[in-house]
Amino acid sequence: ERGEPFVVVDDFLGDAARAAMLKDAIRLRDRGRYGASQSVGQDGVAFDKDAVLSCEIEPTDFDAAPHLLSYTRDLLLTLPGELNERLGAAEQVSPAEYGTKLAVQLPSGS
């Protein structure tokens, strides 16, 4: 709903796209591309997040994750223009740089 800080779209991708991207993510895992996910504290010091793994997808991962790379690239190159046009953002969002990061929450046992 407009005015909210987020949007929820049910079944945005559909089953086929979702399944293809899941297979991509599993191939990246099988190649050892995930590591501890990090955040930076208020003190500026990086720390590992408990029970969270992440992978920053690179163009060299295309053979393992073509669907994830294509989707994130297209979305991140298209979205800034749409946001700027529809929301009239005071500070324009730029498509000049983007990064793609997958995060996986592991069962923590709690």
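Just the heavy atoms: all of them, side chains too, but no hydrogens, waters or symmetry mates, feed the values below. The model shown is predicted, which means the values in this text are computed figures rather than measured ones.
Using a 4.5 Å heavy-atom cutoff, the side chains of M21 and Y71 are in contact. Considering only heavy atoms from C-beta on, L28 comes within 4.5 Å of I57 through its side chain.
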Test L102 against L68 for side-chain contact (heavy atoms from CB on, under 4.5 Å), laying out the working first. CA-CA 9 Å; L102 296 176; L68 284 169; 3.7 Å; yes

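Of all the heavy atoms in L69 and E58, the pair that sits closest is CD1-O, 3.4 Å. Contact detail for S37 and S54: the closest heavy-atom pair is CA-OG, 3.5 Å.
Pairs passing the salt bridge (Lys or Arg N to Asp or Glu O under 4.0 Å) check and including a residue from residues 26-42, sequence neighbours excluded, read D24-R27, R31-D63, R33-D61. Pairs of residues two or more places apart, or lying in two chains, never qualify as salt bridge (Lys or Arg N to Asp or Glu O under 4.0 Å) while including a residue from residues 40-57.
Remark: S70 pairs with F62 by the side-chain contact (heavy atoms from CB on, under 4.5 Å) rule, at least two apart or across chains. Checked against side-chain contact (heavy atoms from CB on, under 4.5 Å), L53 has the following partners two or more places apart in sequence or in another chain: Y34, L106. Residues meeting the side-chain contact (heavy atoms from CB on, under 4.5 Å) test with A20, sequence neighbours left out: H67.
Of the possible polar contacts, none joining the T78 side chain to the L75 backbone as a donor-acceptor pair under 3.5 Å is found.
Side-chain contacts under 4.5 Å among hydrophobic residues (ILVMFWY), followed directly or transitively, place L22 together with I26.
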